[in-house]
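Quick notes on the structure that follows.
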There are 2 protein chains.
Amino acid sequence: MMRVDFARLKRDLEELGAIGRTPEGGVSRPSWSDADMEARRWLLERIIAAGMQGRVDAAGNIFGRWQSGSPVVLVGSHIDSVPNGGMFDGALGVLTALECLRRIKEEGVGLRHPLELVAFTDEEGAFGGFFGSFAFTGVLKAGEIPDIRDSTGLRIADAMARHGMEALQAPTAFRNPKEIRAYVELHIEQGPVLEAQRIPIGVVETIVGIRRYGITFRGRADHAGTTPMEERRNALLGAADLVVKGHQMVRAEGTSASRVTVGILRVKPAVANIVPAEAFLTYELREQSAEWLRRLAEKSRALAAEVASAWGLEVSVETILDIEPVPLAEEVQAAIVAAAGELGCRSLRMPAMAGHDAQVVGRVAKAGMIFVPSRDGRSHSPLEFTADEDVERGANVLLRTLLKLAAE
Amino acid sequence: MMRVDFARLKRDLEELGAIGRTPEGGVSRPSWSDADMEARRWLLERIIAAGMQGRVDAAGNIFGRWQSGSPVVLVGSHIDSVPNGGMFDGALGVLTALECLRRIKEEGVGLRHPLELVAFTDEEGAFGGFFGSFAFTGVLKAGEIPDIRDSTGLRIADAMARHGMEALQAPTAFRNPKEIRAYVELHIEQGPVLEAQRIPIGVVETIVGIRRYGITFRGRADHAGTTPMEERRNALLGAADLVVKGHQMVRAEGTSASRVTVGILRVKPAVANIVPAEAFLTYELREQSAEWLRRLAEKSRALAAEVASAWGLEVSVETILDIEPVPLAEEVQAAIVAAAGELGCRSLRMPAMAGHDAQVVGRVAKAGMIFVPSRDGRSHSPLEFTADEDVERGANVLLRTLLKLAAE
């Protein structure tokens with residue numbers, strides 16, 4: 001049975017992990033940064049060294065293949081990272097894909113469909129996220145591009161121009177979905193489930209939907225001494241009450257895949273002896289079921305109105321982000337489950353609770369994801385780690401999955 | 001019966017209120033600002049025009065008197081303001097005092113004790129607050145002065161040097177408390193009690209104590225999707241729970257004069273899709289009874305520990321401010337009550353829930369405060385307002401109070 005060359009894969013992981021290395025032992029490779037550019041050059045060299053043709057499309061997505069024709073079985077992930085993130089997130093999916101393609105090419109296996117490697121641009125969101133996969137799937141609109149900026153205000157158009165690329169051309173990276181037989185992405189779980197259950201392979205059923213609100217409670221600024229408690233309209237009391245009750249509501253009424261997170265909370269005027277007149281918070285729901293997401297969102301909005309009324313406040317709720325859950329293709333899931341079984345690996349069907357390029361590609365083509373365990377569920381951190389044996393098992397499951405999908 | 005000249009008092013109020021006027025109709029006269037200096041010059045001119053001797057001590061406190069001798073009955077307040085504050089806070093106490101002294105001098109009333117007008121420096125806290133009354137009562141230490149700065153980092157020493165004053169000399173402004181027969185301060189209530197009860201005169205029994213804590217909850221930063229709800233250590237949940245439960249505890253177990261305010265709340269890292277690792281808040285208690293303040297502080301600390309434990313967090317509580325309540329002199333209260341009664345005014349004994357120079361002077365001498373109603377309880381705002389008839393009644397009560405205290 002064909003297997004990946006783990007020593008070679010491990011060397012690749014270490015070499016790529018050294019690009020953008022931080023003093024804390026993490027990796028900083030935001031999209032279009034110097035480190036990202038170095039990683040891009042490194043990857044293209046590896047693709048060419050493997051005897052494949054390398055190509056960069058108008059959105060900066062990197063491809064590698066050695067056979068022409070379509071539809072292709074596309075495999076990959078991304079090589080950009082969050083600031084001071086880990087060396088596995090994204091990189092592992094691209095490098096296991098590279099290793100699988102190398103092995104299949106080396107073995108000279110005859111396949112019905114060509115295989116193609118991809119590393120998508122800006123999955124992590126230096127410029128908002130999914131720039132590459134949005135362009136590739138035809139979702140990116142040219143008119144939006146001039147407004148896409150990073151947190152320092154740098155326009156993606158200027159960032160790309162530094163490297164001789166014309167961002168406004170990115171929509172021409174669109175590929176007709178009919179040319180995609182399937183898309184497979186191996187990724188670290190970034191959560192604790194596989195490790196806790198001692199299962200080496202996760203088979204993603206659905207990529208979570210996200211509903212993110214910006215909620216503002218408005219009351220009245222009052223003197224912290226002279227204004228009696230019962231006469232206050234304290235905006236923070238509404239916000240704090242929603243933080244706790246929103247959490248309790250989702251725990252009591254949601255599913256095991258339901259999440260609610262208030263990551264930002266700001267008060268105004270933010271003076272110790274003035275009752276807050278305004279409190280703003282982000283309120284983010286995640287769910288794998290569109291129906292459940294809608295239900296929790298409705299309950300949350302009702303809760304916000306209820307606590308505002310109870311504390312004598314006004315409240316406004318603005319939708320910041322609205323991503324529907326994306327179910328992944330049953331055919332690809334079945335191929336992964338079968339591949340794991342043939343290798344004697346237990347596997348677990350599970351949702352992906354974070355965003356991935358597979359949710360973008362999955363809207364237009366058959367997509368699937370393989371998860372491997374994350375130690376302590378850590379990710380987006382220098383502590384991110386996946387053990388060698390889990391990397392090797394995951395890579396071999398990916399290899400067999402690709403062979404199945406490309407053969408049929 | 002002697003009465004103030006209300007028309008003259010009103011002109012003074014309007015003239016002083018025009019100094020530092022803001023576009024919103026408020027007043028900005030932070031201590032040692034250009035507007036404050038203009039107000040100081042204006043007040044000294046008014047003192048001299050009334051036939052009194054004006055004097056500025058080493059802390060910048062302004063005095064006016066026409067008789068020598070001691071102990072004196074001191075009367076006044078402050079003329080500095082918060083940024084974009086109102087025209088009554090502080091100014092009303094100084095100008096009603098000026099008017100009372102003018103009338104008594106005009107009438108040539110023989111008194112056992114001299115009367116003396118005072119306007120203390122920086123009551124409002126541009127440079128931390130109470131600079132003048134701290135120096136006057138011997139609480140200000142020379143060694144602290146080089147570190148006293150405003151919010152822009154300007155040292156009070158440099159601010160005073162611009163006006164030819166040597167801040168390090170401020171402690172020489174100390175006056176032996178034996179030379180003070182009593183201190184009386186008329187002030188707007190800054191709260192809604194007198195207006196709601198339709199009582200024109202408040203007689204302050206105690207100036208509230210303040211215990212202000214900086215409370216930090218520490219948990220762990222986690223991904224808002226991949227980390228299950230039950231595995232999170234969300235610092236904001238502890239903070240939010242304390243905000244609501246602290247409020248409920250003080251409402252249920254405190255007195256009508258108990259206050260709790262969380263004016264500042266900050267989370268880290270403050271990213272919408274990351275569970276907060278840290279939440280800092282200010283937690284300020286106010287009470288007129290030292291015993292109640294201690295009791296509420298203990299319950300609050302226990303509550304912080306309890307919610308931290310319930311949410312799996314660590315918590316640290318740092319004391320930022322600790323001001324004991326200051327009971328005011330029964331003799332001065334009685335004089336105010338009697339004066340109000342003679343004028344046919346109802347009066348209400350009540351606590352002062354904000355800080356005043358009277359709490360500083362009240363630690364070393366017999367002090368009292370007269371409150372007049374604030375419309376809608378508004379203060380530190382351009383909306384601050386006290387009606388003419390309330391100003392006039394308050395001034396006449398102050399006049400009779402001074403006559404009583406100076407006669408005995």
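Chain identifiers are assigned alphabetically (A, B, ...) following the order of the sequence lines, protein sequences preceding nucleic acid strands; residue numbering begins at 1 within each chain. Computed over heavy atoms, backbone and side chain alike; hydrogens, waters and symmetry mates excluded.
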Compare all side-chain heavy atoms of [X] with those of [Y] and state whether any distance is below 4.5 angstrom.
X	Y	value
B/Arg212	A/Asn273	yes
B/Met353	A/His223	no
B/Pro228	A/Ser256	no
A/His247	B/Leu237	yes

Sub-3.5 Å donor-acceptor pair from the side chain of B/Arg259 to the main-chain atoms of A/Gly225, do we have one?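 Flag set: sc B/Arg259 to bb A/Gly225 pair under 3.5 Å.
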
Is A/Arg266 atom CZ crowded by more than 12 heavy atoms from other residues, nucleotides or ligands, each under 6.0 Å away?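 No, because the 6.0 Å sphere around CZ of A/Arg266 holds 12 heavy atoms or fewer from other groups.
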
If the test is side chain to side chain contact (heavy atoms under 4.5 Å, CB included), which one of A/Asp241, A/Val307, A/Val243, A/Val244 qualifies with B/Val244?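 Going through A/Asp241, A/Val307, A/Val243, A/Val244 one by one, the side chain to side chain contact (heavy atoms under 4.5 Å, CB included) with B/Val244 is satisfied by A/Asp241 alone.
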
Report the option among [options] that has the most heavy-atom pairs separated by less than 4.5 Å from atoms of chain B.
options	answer
A/Gly191, A/Ala240, A/Ala221	A/Ala240
A/Ile320, A/Val275, A/Asp222, A/Asn234	A/Asp222
A/Ala239, A/Ala257, A/Ala270, A/Pro351	A/Ala270

Heavy-atom pair with the smallest gap, counting every atom of A/Ile264 and B/Val267: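 Between these two residues, the closest heavy atoms are CA-CG2, 4.1 Å.
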
Scanning both residues in full, the closest heavy-atom pair of A/Glu231 with B/Pro192 reads OE1-CG, 3.2 Å

In terms of side-chain heavy atoms, does B/Arg232 have a donor or acceptor partner in A/Thr261 at a distance below 3.5 Å?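 The criterion, which ignores hydrogens and geometry beyond distance, is satisfied for A/Thr261 and B/Arg232.
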
Below 4.5 Å from any heavy atom of chain A, which atoms of B/Glu284 appear? Answer side chain, backbone, both or neither. side chain

What part of B/Glu230 gets closer than 4.5 Å to chain A, counting heavy atoms only: side chain, backbone, both or neither? both

For the interface with chain A, which of B/Leu265, B/Leu321, B/Ile210 has the highest count of heavy-atom pairs at distances below 4.5 Å?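 Top option by heavy-atom pairs under 4.5 Å: B/Leu265.
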
Pairs of heavy atoms under 4.5 Å with chain A: top-ranked of B/Val260, B/Ile274, B/Leu242, B/Val208: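 Highest number of pairs under 4.5 Å: B/Val260.
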
Strictly less than 4.5 Å between heavy atoms, which residues of residues 374-385 of chain A line up against chain B? Please order them by number.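 From residues 374-385 of chain A, the residues near chain B are A/Arg378, A/His380.
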
